[in-house]
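To start, the structure under review is shown below, and the notes come after it.
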Amino acid sequence: MVQISKNLNFDGISPKNLMDATYKAIENFQIRAFFEAKDEILKTGKYSEEEFYEIIDTMIDAETERKLVLEALIGKEPLFLEEISKILKDFPPENVICDIIYLKEQGYIEEHIEVKTKTVIKKIKGEEKEVEEKEFFYRYQVKEIPDDFIEHFFEPVSIVFDSEVCCQCGWCSSICPVNAITVTADTLEINDETCMKCGLCYSVCPRSFSIEQAGKSINKLDKSLKFSEKINGYINTYSATTTKDNIKKVRQDGGIVTSLLEYLLKNKLVDAIVAVKHSEELWKPEPVIVENVKDLYKTSGTKYANASTLSIIDETKKYENIAVVGVPCMMNALKKGYLFPSGQPFFKNIKYRIGLFCMESFPYEGVLNLIKDQFDKDFKKVTKMDISGGKFIIYLDSGEDFGVPLKEVKSYARHNCHFCEDLTADYADISVGSIGSPSGWSTVITRNKKGDKIYKDAIKAGLIESKSLKEVKPGQPLLERIAGTKRKNCKSIKLEKK
Ligand SMILES: Cc1cc2nc3c(=O)[nH]c(=O)nc-3n(C[C@H](O)[C@H](O)[C@H](O)COP(=O)(O)OP(=O)(O)OC[C@H]3O[C@@H](n4cnc5c(N)ncnc54)[C@H](O)[C@@H]3O)c2cc1C
Ligand code: SF4
Ligand code: SF4
Ligand code: SF4
C-alpha cells in the first residue's frame, strides 16, 4: 500500500524542488503541533522516542510528497483520481490518490461531481421494468490559491461528536498522542487542557472526511480484485459454516469469525485478538483483548448494542501481531488510520481485520427497551438475538423464539448509524455476515490476498466447510440489493462547530 520510506519516492525529484517542498511541509500545523508537544507525548508513554521520530519522519515525507503533487497539478483541468495517479509517475499511484483526498481536505483541491442518469432494466416483483439510475463522476482540480491562503486547520473530533455523527468507534482515543480523548459507547470527551490541537484524531476519524473515492480508486488499481458498486472490491464470495462442535454451541451464524480467529491464534499468526464479550450487564458488549481459544469462545455471538472497540487498541502495544473484529465503521477507521495522514500505521501490530456486516446497531438502553416494548419479555431470559429474513428475532432460555418485522425496531437504532453507507465492511481483510446464506451459514467476502489466504488455510486446516456464494440461495443478488439500499439511504454528513 502506501510506501514512503527513506525518501525512495523522491529519487526522481530535483534537489531544489525537494528542498522547497520539504520547507513548505514542515510549516504544516499538524507536524508543528506534533513536534512541539514531543515532551508531553513521550510523558504519556504511548509512543516511544523511536516511534515518535518514525511517525514525524513519515508525516514530513508524506506532506512533502503532497506539496510536490500539488505543484505538479497546478493549471491542469479537472481529472479522475486514476488519471492523476497515471500522470504523476514519480510516486506510487496509491500515494497519489491519498494525497489528492488529503489536499482537498487541506483546502488546496476542489472536487467536481458530475451526475449522469442512465436507464437500466431491472426485475421488480418478477416484472422487467425500465429504471433510471444516477451515476456519479468525481474529478479533482487545484483551486486558485491566493497569496494569503492558510491551509485548513483540522479540528479535534469534538466537532464530529457535537455534529451527532460520531459512531463511537473509539479509534481517536487510541490514536491521540497525549491521551486527551475518552470515548465510551455513548460519550466522547476531550480534555482541552491536554489537547495540543494536532488534528490527528480528525485525520483518522471515519466520520470527518470520506475515504470512499480513495478506497474505490485504490481497489481499481488491483487487477486481481472484482469490483461492485454495492459491496466494493473483493477477491471472492463464499457461504461457509464451522466444522467445530464447540463453536457451533456459541456462534451467531456460521461461526466463521470465531473459526478464523481460532486459526490465527493456534497458528501463532497473532498473539492476541481485539473483540467484544458480554459485560457484567447482560447484552452490553465490552471490548476485550483475548489471548487464548477458551476466552475467544466467550466473544462469539452478536451483541446488537454498540461498543467502542477501537478505544482499547492502545492497550495492545505489547503484542507483536493482533487481529481486530468489528463492524464496518471500525474497519473504515482502521483503514483511514493506515492511509492518513502519512501512510504510517500508528499501530503496526494490526495484522488482520475481520469485518462484520452491519445494517445498524442500537444503544444499550435501546436494546433493553426494544425487548420490553416489542416482545414484553425479560431480557435476562434472552439467549440469542438475530436479524434474519426481515425480522428481529429473540430466542429465550425456554426454547421459544419470537420475531417482529425489522421496520418495528428501526426507531430504537442509533441515530448516527443513518450516516453509514457500508453494509459489508468494505475495508476489512475478510467480511462476514448472514445476508445471502442459509441459516447456520455465513456469507464471507475475502477482500484482498491476505484475507483470501487465511480463509483458504482455515478450510485446509479443517475448521471451515465452504461453498461458493453462487451455489446458495438467496446468495449474492440479495446481498448486493440490501448493500445498495443502505448506500442509497445513507444521510450525508455536515460537520458544524458548536
Ligand atoms: C451490531 C451488529 C449488527 C449486525 N447486523 C447485521 C446485518 O444487518 N446483516 C448481517 O448479515 N449481519 C449482521 N451482523 C453480523 C452478524 O450478526 C454476525 O456477527 C456475522 O454473521 C458473523 O457470524 P459468525 O457466526 O461468523 O460470528 P461468531 O463466530 O459468532 O463471532 C461473532 C463476532 O462478533 C463480534 N461482535 C459481537 N457483537 C459485536 C459488537 N456489538 N461490536 C463489535 N463486534 C461484535 C464478537 O467479538 C465475535 O468475534 C451484525 C453484527 C453486529 C455486531
Ligand atoms: S474516531 Fe470514532 S469515536 Fe472518534 S470521533 Fe471519530 S467516529 Fe467518533
Ligand atoms: S484530541 Fe485530537 S487534536 Fe487534541 S491532541 Fe488528541 S489527537 Fe490531537
Ligand atoms: S451501521 Fe455503520 S455506524 Fe452503525 S454500527 Fe454499523 S457500521 Fe457502525
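Every number for a ligand or one of its atoms is a count from 1 in the order of the listing.
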- prompt: With distance as the sole criterion, is a donor-acceptor pair present between the side chains of Asn28 and Glu151 under 3.5 Å?
  reply: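 There is such a pair between these side chains.
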Is there a heavy atom of [X] sitting under 4.0 angstrom from any atom of ligand 4?
{"X": "Arg207", "answer": "yes"}
{"X": "His418", "answer": "no"}
{"X": "Arg414", "answer": "yes"}

[atom] - nearest protein heavy atom and its distance:
{"atom": "atom 5 (S) of ligand 3", "answer": "Met196 N, 3.3 Å"}
{"atom": "atom 6 (Fe) of ligand 4", "answer": "Cys358 SG, 2.4 Å"}
{"atom": "atom 4 (Fe) of ligand 4", "answer": "Cys417 SG, 2.3 Å"}
{"atom": "atom 2 (Fe) of ligand 4", "answer": "Cys420 SG, 2.3 Å"}
{"atom": "atom 49 (O) of ligand 1", "answer": "Val257 CG1, 3.6 Å"}
{"atom": "atom 52 (C) of ligand 1", "answer": "Thr302 CG2, 3.6 Å"}
{"atom": "atom 45 (C) of ligand 1", "answer": "Val276 CG2, 3.3 Å"}
{"atom": "atom 8 (Fe) of ligand 4", "answer": "Cys329 SG, 2.4 Å"}
{"atom": "atom 28 (P) of ligand 1", "answer": "Thr258 OG1, 3.5 Å"}
{"atom": "atom 1 (S) of ligand 4", "answer": "Lys486 NZ, 3.3 Å"}
{"atom": "atom 3 (S) of ligand 3", "answer": "Gly199 N, 3.2 Å"}
{"atom": "atom 26 (O) of ligand 1", "answer": "Ile256 N, 2.8 Å"}
{"atom": "atom 38 (N) of ligand 1", "answer": "Lys303 N, 3.1 Å"}
{"atom": "atom 50 (C) of ligand 1", "answer": "Phe357 O, 2.9 Å"}

- request: Decide, counting backbone as well as side-chain atoms, whether Cys195 has an N, O or S atom less than 2.8 Å from atom 4 (Fe) of ligand 3.
  value: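 Given the 2.8 Å cut-off, Cys195 counts as a ligand of atom 4 (Fe) of ligand 3.
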Compute the shortest N/O to N/O distance between [X] and ligand 1 and return yes if it is under 3.5 Å, no if not.
{"X": "Ile435", "answer": "yes"}
{"X": "Ala305", "answer": "yes"}
{"X": "Arg251", "answer": "no"}

message: Tell me the contacting part of Pro177 for ligand 3: side chain, backbone, both, or neither, using a 4.0 Å heavy-atom threshold, strictly below.
response: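 The answer is the side chain of Pro177.
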query: Testing Trp441, Tyr455, Tyr238 for side chain to side chain donor-acceptor pair (under 3.5 Å) with Ser466, which one passes?
result: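 The residue from Trp441, Tyr455, Tyr238 that satisfies side chain to side chain donor-acceptor pair (under 3.5 Å) with Ser466 turns out to be Tyr455.
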query: If you measure from each non-hydrogen atom of Leu356 to ligand 1, which part falls under 4.0 Å: side chain, backbone, both or neither?
result: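 Contact part for Leu356 vs ligand 1: side chain (C-beta onward).
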- prompt: Got a sec: is Cys176 within less than 2.8 Å of atom 8 (Fe) of ligand 3 via an N/O/S atom?
  reply: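 It does not; every qualifying atom lies at 2.8 Å or beyond.
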task: Verify whether the ring centers belonging to Phe346 and Tyr338 lie closer than 6.0 Å.
output: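 No, they do not, as the ring centres are separated by 6.0 Å or more.
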task: Report yes or no: does Ser442 have a heavy atom closer than 4.0 Å to ligand 1?
output: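 Judged by the 4.0 Å heavy-atom criterion, Ser442 does count as contacting ligand 1.
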- prompt: Is the NZ or CZ atom of Lys377 positioned over Phe402's six-membered ring, under 6.0 angstrom from the centre and within 45° of the axis?
  reply: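 That pair qualifies as a cation-pi contact.
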query: Does NZ or CZ of Lys450 fall inside the cone over Tyr352's six-membered ring, less than 6.0 Å from its centre and within 45° of the axis?
result: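 Satisfied, under 6.0 Å and within 45°.
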